[in-house]
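Have a look at the structure below, then the notes.
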Amino acid sequence: MSTSSHAEPYVPVFVGDTKARLEALATKYPTRQALLLPALWMVQEARGWVSPEGITEVAEQLELTPAYVRGVVSFYTMYHTHPVGRYFIQVCTTSPCNICGAEDVVRALLTHTGCGELGATSPDGKFTVAEAECLGACAFATPVLINDDFIESVTPESVPALLARYT
Amino acid sequence: MGYPHPIHPKETPVLSTHFGDPDARSHAGWVARGGYVALQQALGMTPEAIVDEVKASGLRGRGGAGFPTGMKWSFMPKDDGREHYLCCNADESEPGTFKDREILRWTPHALIEGCAIGCLAIRAETCVIFIRGEYTEPYRILQAAVDEAYAAGTIGANAMGSGKRIEMIVHRGAGAYICGEETALMNAIEGKRGNPRIKPPFPAVAGLFGLPTTINNVETLAAVPAILTRGAAWYAGLSLSSPKSTGTKLISVCGHVQRPGTYEITMGLPMQELIFDLCGGMRPGRTLKAVIPGGSSVPIMTPEEVADCATDYEGIAAKGSLLGSGGMIVMDDTTDMVYQIMRLARFYAHESCAQCTNCREGTAWTTKILERILRGEGKASDLDLLLDLADNMTGKTICVLSDSCATPVVSGIAKFRDEFDAYLSGARAPMTVGV
Amino acid sequence: MSTDMVTLTIDGITLSVPKGTSVIEAAKQAGIVVPHYCYHPSLPAPAVCRMCLVEIEKLPKLVPSCVTPVAEGQVVHVHSPAAKKAREGVLEFLLINHPLDCPICDQAGECELQDFVFQEGRAGTRYGDEAKRWNPVEDFGPDILYVTNRCILCTRCVRFMDHVADDPVLNVSERGDRAYIGIDPGHRVDHPWAGNIVDLCPVGSLVSKDFLHKARAWDLDKNASICTGCTQGCNIMIDTRDENVVRLRPRPNLEVNRHFICDVGRADYRWMNRGDRVEAPLIGEGDRLHAQDWDVAVERTVAALAAAAGDAVVLIGGRASSETIGWTLQALEGRTVTAAMKVPMGEEAPLAGVPNLALRRERAANLHGALLLGADAPWEAALTVASRAAVVVVLDADLDDAEVEALRGAGIVLHLTTVADPRLPALRAVLPITSVAEEQGVFVNRDGRAQRYLPAKTPPGMARPGWWVASRLWAAGAPDRVAPDTATEALQRLPAFSGLSHRDLGFVGRIVAPVGEAAR
């Protein structure tokens, strides 16, 4: 995963299979612009975040301007516009989970990952912890999303064992 | 069933029958459970006949607004020569609501079948299912089910050999509550910021890609197959209180109940029974303090209001709140209402799309005032200020996100004023806000 | 009543407007301005500021008047208690994060936030001690700064760049109260029409670097004029402070430039402030020029003309008024006259979203006035004739060295000008005339539209309008001739203008010549 947009030359995402996936999707929609959210997901899958160069590449692929793409990227909270830890942890802290102790789960995660504070990446580059608004699994307080893994019913006590699964 | 709990005798499992059964996820498994019979039936019906059947069932939109589904379908133009779209709203994001998630991950084919029938009803050849980005597991399961349905020829260019085309696209969101608003959802699919659009034009006139479009919630569409196979009269007969509220409703109950989960009830079941029988009531030694019955956007109810409330559109409306999405947040006496109302305001401030002034600024300001009250820095005039801001945020914007932020504030102050006063007077110790 | 018209009542005023008109525009016609921010008549309406909410009887909620069409029998209340409270609420929301830095804000005095708060806002703040949102100032382009903190997110700038300039380099970034106007880091707002976003901004969020901290709006005098940059004839306001032009801004004319001007025209004002102007008539005596009063100057010039029998050439600068050109030709009546306008050429820069609006290649304001008046010789041809003409009149034209050289063979040269040119040979008279900024006059644009402009500042010294000077030369040439006294009379007496007065032209002008470039 690239950690800086300056460190190395940008390697295009939309080549080979990824380009083929994009073009296969293109046949399903009447506009190329409709591929914007899927294309950004592809960039994030490949690079771990959506860099300015990634935005430019998506803009070129979809015949949009980088400014336009940037405006859209910044609207959707799941796209990372900065590099994040290898495992991006989102914890639901909205009311239903909040009343069931979600903030204690956040504290436990911040402690055990070494992130210290929300939005920060742990010194080993492994974890970034962020609060999320309602993850839509309120009966399973507290749900935690680690990259694409959706984990239900996390408690402060279960945090160390959970993190141990991510190496 | 009250997933993840066993079926309770007071439930009426229709949609939830197979929750928790991984075998129901596959195409073969779904067919073995009576799946796609309704679609086969619908392929032999005229669009008008499907619409009439759904109209007769009394099915109303399960996403929150409760608009009659058959009537919504009937708004679509006929013989207009344009392509039509069906959008399935799987952007379930309303705090307290997680019922669609269970449909998506346990019975994806129920949804696919409902979507396919919906397409036939509104003369659409394409259904776009917009699923929230955080639903990673449901997305994987749904996409696999759609692939299977294509492979089986159930949908596609020649759906079930009928010669009719039914295309289905699963489109993944990326973190924005407002995309659950139907016009914002269409913008998101089109590759735009998820800003709600001005209405008119209504989606049936100019919707997705400017074409006639109907947007239906996951639960609404998933309910359609059973209506066709078992008949509108059967569905309409499922009603314990108001004849205007028919069928079953998935109620996702969370918070301080012993058995939080997704329960399927016949419309009109007493809320008291839902909370105290089905969900097992409060934790030992705790008492009920408040219920937000239909997702965080609806007015908060007190235990007294809950006591004799029928759980359906009319019953909850009679108590001054709304059935909404059926996301029920139950709070016991340990709950700090001021803190939780602040959390809800903060949710809306976080999710405001930034278009309308009232919402963009009002949600953030409301949150700041609530935080200041919690920190012990509130002023005596703050409650009146909050109420006036709520008035300035209600009924003034393109969509109702702003109203939704105002609602818990207004009902919270009306019903739990003593808790606000305790912070304002210093009777309650100041609180640290956030982690 | 035609079925294409709709009758409605707004604040007690009943009026009929064309079907499809928005309530906000109908109100304007009734003389009622509904306060608004995001709405602009030349941009698509997003209805996001929520400022223009009005009450319409029988509707359950207040509605945004910018996107609500009129309907037969509609009863609109712009100033009902509910509508006023709603707008007061919006104003309060806009102010909570808006810095109160009006004392150092260029927009102060012409700020729509100030104005509407003054009209309808709360007297005091209810925003507590919470910090206001803070973001740094961004450099958007050659002449544009984005003062993020003042932004009210009306998105006019974004919509202009997207839909009018067709150069979508701006966006709305982030959401909620974190939102701001973003620009792609790889780009600048340097479109040739980009300066319009500064005008469009209803507050002081987008400001011009050129005008930054130059003047207070209330110290400016504003006068209607026409841009001299090209043949488009965009309508402008000349803003002066203490007799100095400090800014040009577009003046709406839906037929010509809607609400816009290009950046070339916008920046083209420094010549109006030149300090090296000719302030008195200079008359040649021997090889010297001597200052004279106008009576002597006219008499000597006419005498010089009378002594120089033969053909005449008039070399005209692009900013000469129709009146000046017409009366200069008139002063030479009886001779064979070759007249041409010097037309510098440049790149065409269209504004994509507005039909027939561009910075034109021909950079001469009154080319079509000149053609209409018969000053239609090719420039090079006129120069050739000038080299052996008896009389050459240089009418405020900037000549390069080669062109000056071409006049060596001329009999006498008369210079009606704003600025002296010591290179000119055979000078008999240098007659100081006013600039566009100092006179009233008429230009004809490329569509044949005659448009008038008004004086914005005092002329220097003894300078007089070109038509005044030329018509006095004409009148002194023979008995019983009476020169016009006013610019409008000067125009009316030119046959090409068929008796039109300045008043007839109004503020949108009138087509006086065959339309379009094809008419040349």
Side-chain angles (χ1 to χ4, degrees), chain B residues 175-179 184 192-201 345-369 371-373 375 377-379 381-382 384-386 388-403 405, chain C residues 36-38 44-53 55 59-64 66-69 82-83 85-98 113 122 125-133 151-155 158 162 171-182:
Chain B
Y177 161 77
I178 192 56
C179 290
K192 299 171 180 168
R193 289 169 66 86
N195 292 340
R197 301 177 184 174
I198 311 163
K199 289 188 262 190
R346 202 170 95 169
F347 169 80
Y348 291 108
H350 183 259
E351 300 299 335
S352 168
C353 84
Q355 278 195 119
C356 299
T357 306
N358 313 49
C359 180
R360 180 182 69 240
E361 305 295 344
T363 53
W365 190 8
T366 298
T367 307
K368 283 182 184 176
I369 295 167
E371 286 176 350
R372 150 174 113 204
I373 292 172
R375 285 198 310 267
E377 296 161 14
K379 295 179 236 172
S381 58
D382 276 351
D384 286 343
L385 176 56
L386 282 170
D388 192 49
L389 296 186
D391 181 52
N392 287 341
M393 292 163 65
T394 303
K396 311 273 194 310
T397 45
I398 291 176
C399 79
V400 294
L401 191 144
S402 178
D403 308 53
C405 179
Chain C
H36 59 276
Y37 293 112
C38 69
V48 294
C49 74
R50 312 312 285 178
M51 189 63 194
C52 74
L53 294 184
E55 192 171 337
L59 292 186
K61 295 200 294 187
L62 301 175
V63 296
C66 62
V67 291
T68 304
K85 168 151 199 302
R87 293 199 297 270
E88 185 187 88
V90 171
L91 288 167
E92 181 178 37
F93 285 135
L94 289 175
L95 278 181
I96 60 173
N97 277 305
H98 191 89
L113 189 55
R122 301 179 63 86
T125 179
R126 298 190 291 182
Y127 196 60
D129 302 325
E130 282 85 6
K132 293 193 178 220
R133 184 170 54 224
C151 181
I152 61 169
L153 271 302
C154 74
T155 72
V158 180
D162 285 359
N171 63 35
V172 176
S173 284
E174 303 291 337
R175 46 178 217 219
D177 74 330
R178 288 86 59 207
Y180 58 91
I181 302 300

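Keep in mind that the numbers below use all heavy atoms, side chains included, and drop hydrogens, waters and symmetry copies. Letters A, B, ... are given to chains in the order of the sequence lines, protein chains preceding strands, and every chain is numbered from 1.
- How far CZ of R126(C) is from CH2 of W365(B): 5.5 Å, rounded to the nearest 0.5 Å.
- Taken to the nearest 0.5 Å, the CD atom of E130(C) stands 8.5 Å off from the CD atom of E377(B).
- Here the OG1 atom belonging to T357(B) is positioned 9.0 Å from the OH atom belonging to Y37(C), to the nearest 0.5 angstrom.
- When heavy atoms are compared at a cutoff of 4.5 Å, L94(C) approaches chain B by way of both its backbone and its side chain.
- When atom types are taken as modelled, the side chain of R360(B) and the backbone of I152(C) share a donor-acceptor pair closer than 3.5 angstrom.
- Proximity to chain B (any heavy atom under 4.5 Å) is restricted, for I96(C), to the side chain, taken from C-beta onward.
- Between the CG atom in N97(C) and the CD atom in E361(B) there is a gap of 5.0 Å [rounded to 0.5 Å].
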Q. Would V90(C) and N358(B) satisfy side-chain contact (heavy atoms from CB on, under 4.5 Å), going step by step from the backbone distance to the final call?
A. CA-CA 6 Å; V90(C) 171; N358(B) 313 49; 3.6 Å; yes
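- When each of T363(B), L401(B), I398(B) is scored by its heavy-atom pairs under 4.5 Å with chain C, the top score falls to I398(B).
- No part of N195(B) comes within reach of chain C, as not one of its non-hydrogen atoms sits under 4.5 angstrom from that chain.
- A distance of 4.5 Å separates SG in C356(B) from CZ in R50(C), rounded to the nearest 0.5 Å.
- For chain C, no part of R197(B) is nearby; none of its heavy atoms comes within less than 4.5 Å.
- Taken to the nearest 0.5 Å, the CG atom of N392(B) stands 7.5 Å off from the CD atom of E88(C).
- In this structure, chain C has no heavy atom under 4.5 Å from any part of I178(B).
- Of the two parts of V63(C), neither the backbone nor the side chain holds a non-hydrogen atom closer than 4.5 Å to a non-hydrogen atom of chain B.
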Q.
Run the side-chain contact (heavy atoms from CB on, under 4.5 Å) test on E92(C) and L389(B) for me, step by step, so that the C-alpha distance in whole Å, both residues' side-chain angles and the decisive distance to 0.1 Å come before the verdict.
A. CA-CA 10 Å; E92(C) 181 178 37; L389(B) 296 186; 4.0 Å; yes
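- In terms of heavy atoms, G395(B) sits closest to K61(C) at O-CD, 3.7 Å.
- Heavy atoms of I198(B) lying under 4.5 Å from chain C belong exclusively to its side chain.
- Within the 4.5 angstrom heavy-atom criterion, no atom of E371(B) approaches chain C.
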Q) Passes side-chain contact (heavy atoms from CB on, under 4.5 Å), H350(B) versus R175(C)? Steps please. A) CA-CA 8 Å; H350(B) 183 259; R175(C) 46 178 217 219; 3.5 Å; yes
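- If you measure heavy-atom distances from A131(C) to chain B, the contacts under 4.5 Å come from the backbone alone.
- Between chain B and the residues A45(C), C38(C), A47(C), A179(C), the most heavy-atom pairs under 4.5 angstrom are made by A47(C).
- Annotation: maximal heavy-atom pairing with chain C below 4.5 Å, among M393(B), K379(B), R193(B), occurs at R193(B).
- Looking at T68(C), neither its backbone nor its side chain comes within 4.5 Å of chain B, counting heavy atoms on both sides.
- With respect to chain C, the highest number of heavy-atom pairs below 4.5 Å among C353(B), C359(B), G194(B), S381(B) belongs to C353(B).
- Note on A364(B), G362(B), A354(B), A349(B): by heavy-atom pairs under 4.5 Å with chain C, the leading option is A354(B).
- Options P46(C), P64(C), G176(C), C154(C) differ in how many heavy-atom pairs under 4.5 Å they form with chain B, and the most are formed by G176(C).
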